[in-house]
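Keep in mind it's a predicted model, so treat the numbers as computed, not measured.
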Amino acid sequence: SVVAAVSDDSLVRLVNLSSLRRMLYLKCDGSRLCFDPAGRRLGTFLRGNEVGWLDLARSSEFSETTVVSGVEIDRCELSPDGRWIASGVHGKSGSQIDVREAETQRKLVRFGAGPSAMMAFDPAGDGILTSDLRGLWRWRISDRSASPATVKRTAVRVGVGWRELAFSADGSRFVAANVVSNLAYVYDRTLTDCLVAVGRHEGLETVAISPDGLRVATGSPTARDISVWDVTSRVQLTNFPAGAESRISFSGDGKWLLVHGDRFELRDTRRWNLAPPLAFPQDIVPGGAAAFSHDGRLLVTVIGDFELQLF
């Protein structure tokens with residue numbers, strides 16, 4: 001179910017024939033490729049004055065799991081502890097959020113959400129927050145051993161214009177974007193006390209908050225730019241161009257601001273300079289979704305529709 005091929009650019013590619021996904025690429029001369037009878041070794045490869053082969057084995061560190069299928073999915077979110085995954089699904093019952101246990105794929109609960117709802121897991125484990133055309137909502141999930149679990153919805157803010165939302169790493173602060181006021185509202189842990197509103201940022205749609213909760217990044221597809229604000233002083237720290245579909249997030253250690261979607265950029269949060277370009281292969285155009293691991297050590301990017309690149 002795997003085919004190996006080499007092109008004129010001296011890149012050897014392994015492709016899974018079942019999913020048509022590229023599994024591996026390797027820079028070398030592989031003009032005479034063949035698998036051994038067991039399919040566990042591929043060779044030979046030339047690199048300068050060196051010759052060798054690849055030993056093939058299923059990864060014990062990374063594996064692919066299908067959690068939800070058969071419905072339209074427009075967004076997904078993994079809980080900070082990696083135990084739960086929430087998917088925004090559309091079907092005969094309208095727009096819903098499906099929450100499952102990541103390891104076993106056991107369905108925890110599926111509840112109705114408004115059209116174009118955004119969502120974020122509470123890092124402290126107190127359920128999920130969503131935003132839609134009607135307001136901001138907290139969904140507390142209890143009795144998680146039951147199937148389905150019990151869900152209780154409470155209003156955080158009622159009103160129109162709410163867009164993306166995000167928690168700080170420890171859950172002590174929460175930020176939500178509002179396209180009507182063009183402001184980003186920062187709340188404390190209670191979600192009832194608004195600490196500050198930063199902006200204005202015309203056409204505000206996307207937000208991110210630093211792990212320590214002291215800086216907020218806002219993005220506008222209308223103005224096609226990104227701004228970063230100091231939460232204490234409400235001063236704009238920087239502003240730079242972006243695309244119409246750019247998304248933003250801070251690394252877990254707070255050292256980097258990631259811009260992804262229709263472009264790919266990393267900026268140092270000390271001076272907001274662009275980081276040196278990552279070593280993508282020549283035939284790879286970075287773009288699409290991207291995310292940091294929660295400790296900031298790993299960065300994963302989506303290549304095309306079906307491939308992941310880890311750094």
Asks: Taking only residues two or more places apart in sequence, or in another chain, which ones meet W272 in a side chain to side chain donor-acceptor pair (under 3.5 Å)?
Replies: none
Asks: My understanding is that only residues two or more places apart in sequence, or in another chain, count here; which of them pass side chain to side chain contact (heavy atoms under 4.5 Å, CB included) with E103?
Replies: none
Asks: Under the salt bridge (charged side-chain N to carboxylate O under 4.0 Å, His left out) test, which residues partner E101, sequence neighbours left out?
Replies: R106
Asks: Is there a donor in the side chain of W137 and an acceptor in the side chain of D132, or the other way round, less than 3.5 Å apart?
Replies: yes
Asks: Distance only, no hydrogens: is a donor on one side chain within 3.5 Å (strictly under) of an acceptor on the other, for N273 and D268?
Replies: no
Asks: Assess, by modelled atom type and distance only, whether the side chains of S87 and D98 contain a donor and an acceptor separated by less than 3.5 Å.
Replies: no
Asks: Going by distance alone, is a donor N or O of one side chain under 3.5 Å from an acceptor N or O of the other, for S220 and E202?
Replies: no
Asks: Find the distance between CD (E245) and CZ (R247) and round it off to the nearest 0.5 Å.
Replies: 10.5 Å
Asks: Identify whether the distance between the nearest side-chain nitrogen and carboxylate oxygen of R267 and E265 falls below 4.0 Å.
Replies: yes
Asks: Using the ring-ring contact (aromatic ring centres under 6.0 Å, His included) criterion, which residues pair with F250? Sequence neighbours excluded.
Replies: none
Asks: Quick one: side chain to side chain donor-acceptor pair (under 3.5 Å) partners of T154, sequence neighbours excluded?
Replies: none
Asks: If we count only N and O atoms by modelled type, under 3.5 Å, do the side chains of W256 and T269 hold a donor and an acceptor together?
Replies: no
Asks: Which pair of heavy atoms, one from P123 and one from A169, lies closest together, and at what distance?
Replies: CB-O, 3.5 Å
Asks: Check side chain to side chain donor-acceptor pair (under 3.5 Å) between R153 and all other residues, then give those that pass, not counting sequence neighbours.
Replies: none
Asks: Using side chain to side chain contact (heavy atoms under 4.5 Å, CB included) as the criterion, list what pairs up with S142, not counting sequence neighbours.
Replies: T150
Asks: So which heavy atom on R189 is nearest to which on A124, and how close?
Replies: NH2-CB, 3.4 Å
Asks: Does any pair with a residue in residues 74-108 pass ring-ring contact (aromatic ring centres under 6.0 Å, His included), and if so which ones, sequence neighbours excluded?
Replies: none
Asks: Restricting to salt bridge (charged side-chain N to carboxylate O under 4.0 Å, His left out), what partner residues turn up for R215, sequence neighbours left out?
Replies: none
Asks: Return each pair, listed once, that meets ring-ring contact (aromatic ring centres under 6.0 Å, His included) where at least one residue sits in residues 177-214; pairs must be two or more places apart or across chains.
Replies: W162-Y185
Asks: Would you call R224-D262 a salt bridge at under 4.0 Å N-O?
Replies: no
Asks: Not counting sequence neighbours, which residues clear side chain to side chain contact (heavy atoms under 4.5 Å, CB included) with A291? List them please.
Replies: V300
Asks: Which residues pass the side chain to side chain donor-acceptor pair (under 3.5 Å) test with W139, not counting sequence neighbours?
Replies: T130
